[in-house]
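Positions are given from 1, in the same order as the sequence printed here.
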Amino acid sequence: MRSIGQQLIRCGTSVGANFRAASRARSRLDFIAKLKIVEEECDEAIYWLEILQSMNIESQLTQQLMNEGNQILSIIVASIKTARRNT
């Protein structure tokens with residue numbers, strides 16, 4: 001259980017850090033590459049939340065975090081698609 005929490009914190013904080021790095025990208029391709037990392041980390045965070053749910057450790061907060069994670073993931077995927085179209 002503790003290791004799941006640590007993984008969730010690691011990938012959850014990585015989303016913000018890598019998004020910040022994307023905002024400082026040197027090129028459009030660099031921007032896309034950094035957003036792909038954000039996408040992967042966000043998806044991983046959602047995965048760990050799903051694991052908590054499967055262990056019946058579901059709470060209102062877990063569900064809220066999953067909803068927010070899915071919203072962020074959708075925004076990032078849409079941003080990647082837009083950036084690719086504009087390349």
Side-chain angles (χ1 to χ4, degrees):
M1 175 71 167
R2 182 181 209 143
S3 62
I4 292 172
Q6 290 172 338
Q7 290 286 43
L8 183 55
I9 289 170
R10 184 194 61 76
C11 58
T13 55
S14 179
V15 170
N18 283 295
F19 183 79
R20 183 175 176 146
S23 70
R24 299 182 183 276
R26 295 181 202 145
S27 68
R28 174 93 41 204
L29 292 176
D30 189 33
F31 176 74
I32 293 168
K34 289 179 188 312
L35 279 187
K36 289 297 292 176
I37 295 169
V38 173
E39 178 187 10
E40 291 172 9
E41 294 294 332
C42 188
D43 188 55
E44 183 180 342
I46 294 167
Y47 168 78
W48 290 116
L49 290 166
E50 288 171 351
I51 293 293
L52 290 175
Q53 280 187 325
S54 73
M55 298 170 63
N56 294 323
I57 306 175
E58 186 175 358
S59 69
Q60 185 177 1
L61 178 59
T62 304
Q63 190 57 49
Q64 289 173 341
L65 290 172
M66 283 185 66
N67 289 340
E68 188 170 334
N70 281 312
Q71 290 173 15
I72 292 168
L73 185 57
S74 294
I75 292 166
I76 295 302
V77 169
S79 296
I80 291 168
K81 287 178 181 179
T82 300
R84 283 183 175 154
R85 273 195 307 267
N86 293 334
T87 302

| said: Using the rule that Ile, Leu, Val, Met, Phe, Trp and Tyr join whenever any side-chain heavy atoms are under 4.5 Å apart, tell me whether Trp48 and Leu65 fall into a single cluster. | reply: yes

| task | Of all the heavy-atom pairs spanning Cys42 and Ile72, show the shortest one and how long it is. | result | SG-CG2, 4.0 Å

| query | Does a donor on one side chain sit under 3.5 Å from an acceptor on the other, for Asn67 and Gln63? | reply | yes

| Which atom pair, heavy atoms only, marks the closest approach of Phe31 to Ala22? | CD1-O, 3.2 Å

| field | Other residues, nucleotides, ligands: >12 heavy atoms within 6.0 Å of Arg10 CZ | value | yes

| Which heavy atom in Phe19 sits nearest to a heavy atom in Leu35, and how many Å separate them? | CD1-CD2, 4.0 Å

| message | I need the Asn70 CG to Ile75 CD1 distance, nearest 0.5 Å. | response | 11.0 Å

| Interatomic spacing from CZ in Arg84 to OG1 in Thr82 - rounded to 0.5 Å | 11.0 Å

| field | hydrophobic_cluster_shared for Tyr47 and Leu61, side chain cutoff 4.5 Å | value | yes

| said: With side-chain contact (heavy atoms from CB on, under 4.5 Å) as the criterion, how do Lys34 and Arg24 come out once you've worked through the C-alpha distance, each side chain's angles and the decisive distance to 0.1 Å? | reply: CA-CA 10 Å; Lys34 289 179 188 312; Arg24 299 182 183 276; over 6 Å; no

| Among the clusters formed by ILVMFWY side chains lying less than 4.5 Å apart, do Ile80 and Val15 turn up in the same one? | yes

| remark: To the nearest 0.5 Å, atom CD of Glu40 lies from atom CG of Asn18 at 9.5 Å

| Roughly how far, to the nearest 0.5 Å, is the CG atom of Leu49 from the CG atom of Leu8? | 5.0 Å

| request: Working to the nearest 0.5 Å, report the span between CD of Gln53 and OG1 of Thr62. | output: 7.0 Å

| said: To check you understand the geometry: which heavy-atom pair defines the closest contact between Glu41 and Ser14, and what is its length? | reply: CG-OG, 3.2 Å

| message | Within this structure, what is the CD1-OG distance for the pair Ile51 and Ser3, rounded to the nearest 0.5 Å? | response | 10.5 Å

| field | Residue pair Ile32 / Ala83: nearest heavy atoms and the distance that separates them | value | CG1-CB, 3.6 Å

| request: For Glu50, look at atom CD and say whether over 12 heavy atoms of other residues, nucleotides or ligands are found less than 6.0 Å away. | output: yes

